[in-house]
Structures are given as C-alpha cells and as structure tokens.
Amino acid sequence: MKMSKLFVQTLREFPSDAEVMSHKLLVRAGYIRRLASGVYNYLPLMWRTLRKVENIVRQEMDAAGAQELLMPFVQPEELWQESGRWEVYGKELMRLKDRQGRGMCLGPTHEEVITYIAREGIKSYKQLPVNLYQIQSKFRDEVRPRFGLLRGREFIMKDAYSFDVDEAGLDKEYENMAKAYTRIFERCGLETKMVQSDSGAIGGSVSHEFMVVCDSENNAGENDVFYCEKCNYSANSNHAISILPQAVTNGGFEKAEIVDTPNCKTIEELAAFLKIEPSTIVKTLVYVADKQYVMALVRGDKTVEEIKLQNAVGANEIRIASAAEIKEIMINNGKTGEAGYISPIGIKDVTVVADKSVLELKNFVIGCNETEKHLVGANWGKEAQLPEKVEDIRLVQEGEICVDCGSPLKVTRGIEVGNIFKLGTKYSKAMNAVYMAEDGTEKPFIMGCYGIGISRTAAAAVERHHDEFGIKLPLAIAPYHAIVVPVNCKDELQMKVANELYEKLQKAGVEVVLDDRDERPGVKFKDADLIGFPYRITAGKTVNEGLVEFKNRANGEMEKVTPEKAVELIIDAVKSLA
RNA sequence: CGGGACGUAGCGCAGUUUGGUAGCGCACCUCGCUUGGGACGAGGGGGUCGCAGGUUCGAAUCCUGUCGUCCCGACCA
C-alpha cells in the first residue's frame with residue numbers, strides 16, 4: 001500500500017471530546033471516527049486490526065474445538081419472552097417494531113437464539129458436547145457510552161455457547177475456554193487476570209472475567225479488582241469477599257440513650273463529634289430496589305456494594321433513594337429523620353438487609369429517625385432488632401484479609417475484555433431446549449457462554465501499548481507490519497532503494513506501506529510513530545554507503561543495516577508470529 | 001435517569017459579558033522554495049455560528065423551547 005493512497009487522516013491534535021488514551025489515539029491516528037454516541041466507524045486501519053484480533057480468536061476457538069456460525073443481529077421478541085428476558089433486560093435492550101408491528105430487538109447477546117438453534121438441531125446426547133461461536137456486532141443501548149471503543153453501544157464481540165450433558169462436561173469446557181482465552185489475550189499483547197465476578201443479566205452460577213490490569217491512574221480501567229499475592233484469589237469488586245481485620249467494635253457506651261448530634265450527617269462528622277471510631281457506628285443507607293424500599297446496614301467505616309445488595313434482595317435494578325423518598329418513608333412511619341439520622345428502628349414495610357459486619361458490634365451508635373439525634377450504646381436484640389436478612393453486601397477494601405489464605409488483599413484497576421459463565425440450565429429450561437439422554441429421558445442442555453469484546457480488546461491493547469508519540473500495537477495486531485520511508489522523494493537513489501525494499505517485502509508477504517508522499521521527513525516520521533508501524537525502514541542519505549535505518553517502534557531501537565538485512569529482520573519477525 | 005459543562009469550517013479554538021452581518025491555527029487546493037523529526041512565502045476554497053421560535057432597524061451574541069455532545073454517579077464485552 002502506498003501511503004499517498006492509504007485512507008487515513010491523522011490529526012495534529014487530540015480530539016477534545018476524548019478522555020482516555022486509546023480513544024484519543026485511535027481518533028488522532030485515523031483509526032476510528034464517531035458516528036453517533038457510542039457508535040464508531042472503523043476506518044481501514046482499525047478494521048485491519050480488528051480483523052487480526054478476530055483471526056487470533058478464530059484460530060484459538062477452532063483449536064479449542066469450537067465451531068463458528070453466524071446468527072442474526074435482529075431477533076424476534078418471542079424468544080426473549082420465552083427466556084423471560086424481554087421484561088428483565090431493561091432499557092439496554094434496543095427494541096423495535098417491524099412494519100407488521102411485531103416486536104424485535106437488536107442482539108445484545110445471543111443466548112436466546114443459540115438455545116433455539118440447539119433446541120431445533122440437537123436431539124440426542126450423541127450430538128453432545130458442542131461449542132458454537134460467532135463474531136458479530138452487538139448493540140447495547142448503554143446508559144453512558146464513553147471511552148471510545150472501550151464502552152460503545154455498538155461493538156464487536158465473539159460469543160460462544162457450549163452445550164453439555166452434565167455439569168462435569170460444562171466444567172471441562174469452562175476450563176478449556178479459560179485456557180483458550182489466556183492464549184488469545186497473550187497473542188494480542190495483553191496480560192490478563194482471570195477474576196471471579198457477578199453473573200449479572202446473563203445469569204448462571206459461576207462466572208469469571210478476564211481483566212487487563214491497568215495502573216491505578218488510568219481511568220480506562222473501570223473495574224476494581226481485588227487480588228491476593230500469596231494465593232490465586234482474585235475477584236471483581238462486585239463479587240469480592242474478605243475477612244475484616246481487627247477493629248474496634250465496641251462503642252464503649254455504658255447505657256443505651258438518645259443523644260443530641262447536631263450537624264452529624266456523615267459518619268465522619270458523627271465519629272468526630274462523639275469521639276468514637278467509625279467502626280462502632282451502624283450506617284443505614286436507603287435504596288430503591290425495583291420500586292421496593294430497602295435499608296442496607298453496614299459498619300460505619302465500610303461501603304455497600306450495590307450489586308451484592310441487588311442480589312441479596314433479588315432485584316433487577318437498584319438505586320439509592322432520594323431525600324424525598326426517605327422523607328416519605330419517615331412520614332409513613334410517623335418519624336422525622338433525614339438522611340444521616342436514619343435506621344430501621346421502628347420502621348415497617350421496608351426490607352432490611354444487614355451486612356455481616358454489623359452483627360459483632362456492641363454498644364454501638366445508630367440513627368433513631370430523628371434529625372440531629374442518634375441512639376448510642378445500642379445492642380442487637382435489645383434496642384435494635386436483629387435484621388431478618390443478613391448477607392454479605394459490603395464492598396471489600398484494600399488491606400482486608402484474603403478468605404483463602406489469610407494474607408492482605410490488594411486492589412488494581414482492570415479493563416474487562418472477556419467473560420465466561422456457567423449458565424447451567426437457565427435458558428434450556430426456560431425455553432424447553434432438551435435432548436434425548438442415554439437413559440431415554442428428555443433432559444435440558446447444560447450450557448456455558450463465553451464472550452470476548454473484540455473491539456474492546458483492540459482498544460485495551462492501545463491502552464497498554466502507546467507512548468507520547470502514538471500507538472505501539474504489537475506486530476500480531478498492528479494494521480501493518482512495516483513502513484518504508486524515503487527521506488527525500490526527489491532523491492533518486494533513496495526512492496530506488498525504498499521501492500526495492502517495498503517490493504521485496506510485499507513479495508515475502510509482509511504487510512508494508514511505502515510512504516511515497518512528497519512530505520518533509522518530520523511529517524512522515526510523526527505519522528509513522530502515531531499510527532504505530534511496528535517496523536520502520538528509512539532510506540536516507542546513508543543509502544550512498546549501502547545502508548538504511550531499521551527502527552523498532554516497540555522498544556525504540558534503531559540500527560544501520562543493509563537493505564537486505566532489514567528485509568530479513570522483518571520477514572523473520574513476521575514468520576515468528578505463526 | 002440524576003448532577004455539571006459545552007455546541008462557531010474536517011480538527012483545535014477565539015468572538016457571546018457590552019447585539020452592528022464571522023475570525024485564528026492546523027488540515028485541504030495552486031505556485032514557489034525546502035527535505036533526518038509535524039518548515040517557509042504568496043494566493044485560494046470551505047461555516048444559513050446545532051435546530052426552531054421570539055425580542056430588535058439589526059442576533060453567533062439577548063429570551064424561550066428543542067436536539068446533540070462530553071464529564072461525574074448507578075450497568076457491562
């Protein structure tokens with residue numbers, strides 16, 4: 001490809017609406033352009049990279065025994081009614097009607113369709129196990145698209161679905177996929193951590209996420225991952241559990257009484273005012289879970305993990321209650337407290353979920369539903385009724401103790417690039433997808449599902465591989481392998497050497513660009529660095545001595561070599577990919 | 001959906017406070033010059049100032065509405 005013909009427009013400056021590096025760089029280097037919120041055009045450079053990621057995924061999935069197919073992007077409402085997700089999925093599901101008024105949706109994931117396919121196509125245990133996958137655009141009408149390709153509404157995903165006769169088969173395939181995933185991300189230049197996670201809207205029992213670990217100041221990593229350096233424990237914050245380290249749990253109050261606590265809306269203010277540890281206070285937060293009021297209780301120095309709370313109450317949606325809603329609860333119960341002074345004491349018709357951490361508190365402080373007053377010296381079973389529901393709803397914090405080995409946990413930020421689930425029979429039962437088992441009875445499929453965000457993986461790779469000059473994607477997924485730059489296009493010898501290099505590399509199957517633009521060298525070098533050609537051969541003045549410059553974008557190393565040697569180096573590097 | 005900000009040429013921005021008929025840099029086209037890290041000179045093309053109303057002799061500027069975008073919170077590959 002000649003640079004003068006390559007469809008790419010690099011920008012001198014970063015776009016103003018981009019926040020994270022991968023977004024800024026992909027736009028500036030001419031890989032992508034936004035079309036609508038969370039919807040992007042993949043320009044030729046991006047598309048080449050995406051296809052390379054796809055092909056790595058294909059190779060590893062095929063090697064792992066999965067078979068590729070392609071399902072429709074538009075799906076009928078009936079299937080979603082069968083699985084029950086038409087109601088459950090919420091606004092993220094892009095719904096539409098066809099001209100007949102039939103309900104349709106844009107596929108955010110394909111459990112329904114694949115289950116339908118299996119139901120129609122798999123009649124006997126003899127056809128099992130099987131793992132089917134596709135690579136396709138998905139659409140999720142995200143609440144808040146952001147970060148370019150890292151959180152688009154339309155994105156490319158590989159989704160695989162496995163069908164087994166029993167749990168043992170599923171477990172085996174789950175392991176098989178986990179291994180394939182690790183290889184896939186490695187080949188894309190990404191080190192990943194496989195962490196336990198909540199299974200969310202997809203459902204099922206066990207699930208793990210593959211996280212690309214980011215440094216803490218990189219906000220492209222939207223997930224907090226807790227992990228143990230001693231053993232292998234690691235989990236997304238929505239799922240992580242821990243043992244609390246020693247803390248003061250006795251408030252030390254001699255007797256229970258209501259005391260004045262002016263201007264103590266926050267735990268900090270209250271602790272300072274009463275001169276006590278925050279860990280001796282019961283914090284009450286009011287939530288709305290599917291229109292039902294919920295009070296969540298945690299120790300004063302801890303935070304509620306909302307996903308855990310949502311699971312604990314079995315809700316689809318959860319949000320913190322507004323001041324007006326809290327007031328409504330208070331009025332209905334004949335109380336006057338506002339946020340900061342709330343507790344379940346004397347409140348009816350509200351679900352109360354306590355975190356385990358509050359149980360061991362003694363002589364503690366708790367709200368009494370009267371503004372500017374708290375109850376001190378309270379104890380469970382006496383002044384405060386023990387909540388009927390005690391669950392783990394606490395957000396883990398760094399330094400808490402690993403449940404597996406007792407070491408302190410650490411935290412890091414991560415970009416979720418892959419996710420695997422054990423679905424079990426959730427969809428097969430709901431949709432009556434059964435096969436004839438060896439014993440002659442009908443049984444539902446035991447299913448697993450396995451996703452990889454293709455476009456997100458590519459963006460994560462940029463997030464991990466760049467410098468102040470531009471993108472440094474690894475050779476395996478860079479749009480091109482190399483660029484040949486004649487310093488001065490009017491210099492005949494330089495052009496001759498450059499052309500020869502270009503042709504030789506092309507013949508050898510190297511994906512190479514010749515920068516034939518009559519530009520000053522600075523412009524060409526800046527563009528080459530920005531776009532991120534892994535190798536650059538520069539034909540400059542030293543062609544007179546039979547030498548060209550060979551530069552490695554990844555490590556910045558530069559050497560003067562003969563043109564033959566440069567060609568050999570690149571061909572060797574490209575060969576080593578396979 | 002709640003809170004905040006912003007919509008002026010492909011990109012980055014000024015002009016809005018105090019209304020007077022649109023500008024700068026980059027990019028693009030032509031010519032000259034230049035060729036090892038985003039040169040320089042001359043000339044040129046491109047914007048109904050997000051959209052719709054309103055106020056006014058006159059609106060990018062003031063008012064109302066609306067749409068869009070981005071940022072902070074709750075979701076996920």
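Keep in mind that what you see is a predicted model, and the values were worked out from it rather than measured. Convention: sequence-line order gives letters A, B, ...; per-chain numbering from 1.
The base of B:C11 does not come close enough to the side chain of A:Arg28 for any donor and acceptor atom to sit less than 3.5 Å apart.
Comparing the P positions of B:G38 and B:G46 gives an interatomic distance of 32 Å, to the nearest angstrom. Distance check on atom P: B:G25 versus B:A42 gives 11 Å, rounded to whole Å. For the C1' atoms, the distance from B:C26 to B:C70 is 23 Å, rounded to whole Å. Of the P atoms belonging to B:G50 and B:C11, the separation is 14 Å, rounded to the nearest Å. Comparing B:G45 with B:G7, their P atoms sit 28 Å apart, to the nearest whole Å.
Within 4.0 Å (heavy atoms only), A:Glu92 reaches sugar-phosphate atoms of the nucleic acid but no base atom. Using a 4.0 Å heavy-atom criterion, one finds that A:Asp159 contacts no nucleic acid atom at all.
Under the ring-ring contact (aromatic ring centres under 6.0 Å, His included) criterion, the residue pairs touching residues 33-57 of chain A are A:His23-A:Tyr40, with sequence neighbours excluded. Residue pairs meeting the ring-ring contact (aromatic ring centres under 6.0 Å, His included) criterion with at least one partner in residues 523-547 of chain A, sequence neighbours excluded, are A:Tyr535-A:Phe550.
Each of B:C75, B:G38, B:C76 was ranked by its minimum atom distance to the side chain of A:Leu530; first place goes to B:G38.
By the side chain to side chain donor-acceptor pair (under 3.5 Å) test, A:Asn223 is found to be paired with no residue, residues two or more places apart in sequence or in another chain being considered. Judged as a side-chain contact (heavy atoms from CB on, under 4.5 Å), and not counting sequence neighbours, the contacts of A:Ala36 are A:Val39. With sequence neighbours left out, the side-chain contact (heavy atoms from CB on, under 4.5 Å) criterion links A:Met558 to A:Glu549, A:Lys551. Judged as a side-chain contact (heavy atoms from CB on, under 4.5 Å), and not counting sequence neighbours, A:Glu13 has no contacts. Every residue meeting the side-chain contact (heavy atoms from CB on, under 4.5 Å) condition with A:Ala312, not counting sequence neighbours, appears here in chain and number order: A:Val353, A:Glu391, A:Ile393.
Checking A:Arg33 against A:Gln9 by side-chain atom types alone, no donor-acceptor pair falls below 3.5 Å.
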Check the interface with nucleotides 67-70 of chain B: list each N/O to N/O pair with the protein under 3.5 Å, or write none.
from, atom 1, to, atom 2, distance (Å)
B:U69, OP1, A:Ser37, N, 3.1
B:C70, OP2, A:Ser37, OG, 3.4
B:C70, O3', A:Asp17, O, 3.4

Each nucleotide N or O in nucleotides 35-37 of chain B that has a protein N or O under 3.5 Å away: list the pair and distance.
from, atom 1, to, atom 2, distance (Å)
B:U35, O2', A:Asn488, ND2, 3.2
B:U35, O2, A:Glu519, O, 3.2
B:U35, O4, A:Lys490, NZ, 2.9
B:U35, O4, A:Asp518, OD1, 3.1
B:G36, OP2, A:Lys541, NZ, 3.3
B:G36, O6, A:Gly540, N, 3.4
B:G36, N1, A:Glu549, OE1, 3.1
B:G36, N2, A:Glu549, OE1, 2.3
B:G36, N2, A:Glu549, OE2, 2.9
B:G37, O6, A:Arg536, NH1, 3.2
B:G37, O6, A:Arg536, NH2, 2.9
B:G37, N1, A:Asp529, OD2, 3.1
B:G37, N2, A:Asp529, OD2, 2.3

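Remark: P of B:C75 and OH of A:Tyr89 are 14 Å apart, rounded to the nearest angstrom.
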